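Keep in mind the model is a prediction, meaning the values are calculated, not measured.
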Amino acid sequence: MSKWPFPTLTGAILLLGATMQPAHAGPYTPYATTAGEAAVGAMVDAGPDSGSASVGDRATMLASIDALPGAPARADALGQLSPRSYSLLPRLSIQAMDAGDREIRAMLTERRSIAIDALAAVPASGDRTIHMMLTGGIRQATYEGRPDRPKTDSDSRSLRFAIDVAPVRGLILGATLGIDGIDARLDPAQRPRISLFTTNIGPYASFNNGQFYADATASYALSEYKLRRQVGWSGFSDRMVAPVDGDGWAASGEAGAMVRAGVIRLQPFAGLHYRYADVSGFRENGGPAALEVARFRTQSLRGALGARLSANVAHGGWTLRPSVEAQWQRELRSRPDSRIEARFATRDLAVFTLRPTRLARDAGLVNAGISATWNSRTTVRLGYAGEFSSDRHIHAATLTVGRRF
């Protein structure tokens with residue numbers, strides 16, 4: 001009877017198993033330095049809940065993490081596998097909503113500055129004045145990086161049209177339609193990119209009696225994103241693409257006083273701003289690092305206090321009107337951003353959760369501009385708007401042409 005070659009056969013089986021299923025060191029959770037990295041590590045450590053042809057590709061990816069020289073590099077790799085690059089998506093949509101709201105508000109402020117002299121924003125009842133406005137703007141925004149949130153730089157272009165009517169003295173009723181395009185760059189080392197196109201439409205209203213005023217604006221926004229994400233470290237790289245859509249709502253209310261002191265016009269005010277933006281669920285197209293992300297959102301409620309100063313300087317048929325504004329805004333919701341739930345697109349691992357780092361609650365806003373009005377009918381305005389906080393700053397320049405009929 002021949003002897004069974006047990007040691008040789010066993011070694012062959014082990015070698016074959018290693019070839020078919022690359023091993024990884026694990027556990028990965030101890031390498032994590034943020035909550036998002038820990039969530040990815042725990043999900044991977046839990047292992048697949050069902051068999052999948054993608055397990056081998058993922059094991060190769062994990063083996064490349066094992067080969068990285070040290071815990072910091074492995075922690076960074078875990079972070080790249082999370083959906084942190086998408087944590088600011090609804091905020092970019094809200095950024096477009098805010099820009100549109102401020103452009104409409106700047107126009108209404110312009111009209112009130114004239115009204116302080118005339119003691120009415122429009123002619124007497126029966127003279128239904130129509131006013132049209134066209135605004136073009138550019139913006140640059142930077143959001144500083146925080147745990148589980150990448151540093152983000154974005155450039156924006158916008159175009160907005162508004163038309164309103166003055167049915168009775170002191171009352172303005174109008175509607176606006178605008179488009180915004182945003183190109184955002186995140187985590188320069190990995191070169192992810194987000195393109196966002198937003199269309200928004202909504203009504204606005206304003207009333208004043210020459211001493212006090214109240215404004216209200218609302219809009220609906222439809223957002224279309226194109227996401228490009230790249231992850232990579234020594235021994236591994238992957239690129240993902242995903243088309244995504246979303247929508248949102250915005251509503252603002254503001255009330256204040258209208259004071260005249262010589263050539264100076266002063267408008268102290270208080271306001272409340274509600275914003276809601278969501279991102280539909282999506283699935284990335286890519287390799288083993290591709291993610292499937294569930295719907296998530298941002299819901300913000302901010303209070304504001306501020307004041308505006310302007311002056312009317314008449315010369316012939318022209319009126320020049322320089323103006324400045326400063327306000328403080330505070331986020332009133334304790335948790336504006338929802339958690340993000342994701343899993344690998346192969347669906348063979350459990351869902352894990354990312355809780356985005358919230359933006360700073362307090363922000364200072366400044367606006368400055370100068371306008372020229374010809375014969376009280378045609379106005380051209382050049383304006384600047386800035387938003388400053390401990391973790392972000394936004395700069396915008398606008399050119400507005402208005403005509404009263």
Undergrad: I want to check something: taking the side chain as every heavy atom from C-beta on, are Ile172 and Phe207 in contact at a cut-off of under 4.5 Å?
TA: no
Undergrad: Any salt bridge between Glu341 and Arg339, counting N to O under 4.0 Å?
TA: yes
Undergrad: Quick one: list whatever passes side-chain hydrogen bond (donor to acceptor under 3.5 Å, both in side chains) with His393, sequence neighbours left out.
TA: none
Undergrad: About how many Å separate OH of Tyr225 and OG of Ser195, when rounded to the nearest 0.5 Å?
TA: 12.0 Å
Undergrad: Go through the side-chain N and O atoms of Tyr28 and Asp66 and say whether any donor and acceptor fall under 3.5 Å apart.
TA: yes
Undergrad: Answer yes or no: is there a side-chain heavy-atom contact under 4.5 Å between Arg239 and Arg229?
TA: no
Undergrad: Under 3.5 Å, is there a donor-acceptor pair between the side chain of Arg333 and the main chain of Gln299?
TA: yes
Undergrad: Any side-chain heavy-atom pair from Pro150 and Ser87 closer than 4.5 angstrom?
TA: yes
Undergrad: Counting heavy atoms not belonging to Ile138, are there more than 12 under 6.0 Å from its CD1?
TA: no
Undergrad: What salt bridge (Lys or Arg N to Asp or Glu O under 4.0 Å) pairs are there with at least one residue in residues 352-376, not counting sequence neighbours?
TA: Arg330-Asp362
Undergrad: Using the test ring-ring contact (aromatic ring centres under 6.0 Å, His included), find all partners of Trp318 that sit at least two apart in sequence or belong to another chain.
TA: Trp374
Undergrad: What residues, two or more places apart in sequence or in another chain, satisfy ring-ring contact (aromatic ring centres under 6.0 Å, His included) together with Phe197?
TA: none
Undergrad: Looking only at the side chains, is there a donor atom on one of Arg321 and Asn312 sitting less than 3.5 Å from an acceptor on the other?
TA: yes
Undergrad: Would you list the pairs meeting ring pair (Phe, Tyr, Trp, His ring centres under 6.0 Å) in which at least one residue belongs to residues 72-91, sequence neighbours left out?
TA: Tyr86-Phe282
Undergrad: Side chain of Asp278, backbone of Asp247: donor and acceptor closer than 3.5 Å?
TA: yes
Undergrad: Yes or no on side chain to side chain contact (heavy atoms under 4.5 Å, CB included) for Thr198 and Ile182, after CA distance, side-chain angles and deciding distance?
TA: CA-CA 8 Å; Thr198 300; Ile182 299 178; 5.6 Å; no
Undergrad: Tell me if a side-chain donor or acceptor on Asn375 pairs with a main-chain N or O of Arg377 at a distance below 3.5 Å.
TA: no
Undergrad: Do the side chains of Arg146 and Pro356 get nearer than 4.5 Å, heavy atoms only?
TA: no
Undergrad: Does Thr353 form a side chain to side chain contact (heavy atoms under 4.5 Å, CB included) with Ile340? I'd like the steps, not just the answer.
TA: CA-CA 6 Å; Thr353 299; Ile340 302 175; over 6 Å; no
Undergrad: Can you check whether Met240's main-chain N or O pairs, donor with acceptor, with Glu284's side chain at less than 3.5 Å?
TA: no
Undergrad: Which residue pairs pass the salt bridge (Lys or Arg N to Asp or Glu O under 4.0 Å) test when at least one of the two sits in residues 170-184, sequence neighbours left out?
TA: Arg139-Asp180, Arg160-Asp180, Asp183-Arg185, Asp183-Arg193
Undergrad: May I ask you to check whether Gln267 and Arg112 show a side-chain donor-acceptor distance below 3.5 Å?
TA: yes
Undergrad: When you compare the side chain of Lys151 with that of Glu144, does any pair of heavy atoms fall below 4.5 Å?
TA: yes
Undergrad: Is there any ring pair (Phe, Tyr, Trp, His ring centres under 6.0 Å) pair reaching into residues 288-314, and which pairs are they, with sequence neighbours excluded?
TA: none
Undergrad: Any pair with a residue in residues 130-185 that passes ring pair (Phe, Tyr, Trp, His ring centres under 6.0 Å), sequence neighbours left out, goes on the list, sorted by first then second residue, please.
TA: none
Undergrad: Testing Arg308, Arg404, Arg381 for salt bridge (charged side-chain N to carboxylate O under 4.0 Å, His left out) with Glu110, which one passes?
TA: Arg381
Undergrad: Between Leu81 and Met61, is the side chain to side chain contact (heavy atoms under 4.5 Å, CB included) condition met? List the steps.
TA: CA-CA 11 Å; Leu81 294 177; Met61 177 181 71; 3.9 Å; yes
Undergrad: Under a 4.0 Å N-O cut-off, is there an ion pair linking Asp348 with Arg343?
TA: no
Undergrad: Which residues pass the side-chain hydrogen bond (donor to acceptor under 3.5 Å, both in side chains) test with Asp337, not counting sequence neighbours?
TA: Arg91, Thr298
Undergrad: Is Leu171 close to Pro167 at the side-chain level, that is, under 4.5 Å between some pair of heavy atoms?
TA: yes
Undergrad: Determine whether the side chains of Ser93 and Ser223 contain a donor N or O and an acceptor N or O closer than 3.5 Å.
TA: yes
Undergrad: Is the backbone of Ala345 close enough, under 3.5 Å, to the side chain of Arg283 for a donor and an acceptor to pair up by distance?
TA: yes
Undergrad: Within this structure, what is the CD1-CD1 distance for the pair Ile179 and Ile201, rounded to the nearest 0.5 Å?
TA: 12.5 Å
Undergrad: Between Thr400 and Thr135, is any side-chain donor less than 3.5 angstrom from a side-chain acceptor?
TA: yes
Undergrad: Can a donor-acceptor pair be found between the side chains of Thr378 and Arg403 at a distance below 3.5 Å?
TA: yes
Undergrad: Determine which pairs satisfy ring pair (Phe, Tyr, Trp, His ring centres under 6.0 Å) with at least one residue from residues 234-264, sequence neighbours left out, and list them in order.
TA: Tyr220-Trp249, Trp233-Phe236
Undergrad: For Glu331, give me all partners under side-chain hydrogen bond (donor to acceptor under 3.5 Å, both in side chains), at least two apart in sequence or on another chain.
TA: Ser300
Undergrad: With distance as the sole criterion, is a donor-acceptor pair present between the side chains of Thr217 and Asp101 under 3.5 Å?
TA: yes
Undergrad: So, taking the atom named CD in Glu37 and the one named CG in Leu354, what distance separates them when rounded to the nearest 0.5 Å?
TA: 10.5 Å
Undergrad: Is it the case that the side chain of Asp45 and the backbone of Thr29 share a donor-acceptor pair, with hydrogens and angles ignored and the cut-off at 3.5 Å?
TA: yes
Undergrad: When you compare the side chain of Leu332 with that of Arg302, does any pair of heavy atoms fall below 4.5 Å?
TA: no
Undergrad: About how many Å separate OG of Ser280 and CZ of Arg297, when rounded to the nearest 0.5 Å?
TA: 13.0 Å
Undergrad: Nearest 0.5 angstrom please: Arg102 CZ to Asn367 CG, how far?
TA: 7.0 Å
Undergrad: Could you walk me through whether Thr129 and Phe405 pass side chain to side chain contact (heavy atoms under 4.5 Å, CB included), step by step?
TA: CA-CA 6 Å; Thr129 303; Phe405 296 92; over 6 Å; no
Undergrad: Donor-acceptor pair, Thr357 side chain versus Pro147 backbone, under 3.5 Å?
TA: yes
Undergrad: How about Gln140 and Thr142: does a side-chain donor come under 3.5 Å of a side-chain acceptor?
TA: yes
Undergrad: Within this structure, what is the CD-NE2 distance for the pair Gln329 and His273, rounded to the nearest 0.5 Å?
TA: 4.5 Å
Undergrad: Residues two or more places apart in sequence or in another chain: which of them pass salt bridge (Lys or Arg N to Asp or Glu O under 4.0 Å) with Arg392?
TA: Glu387
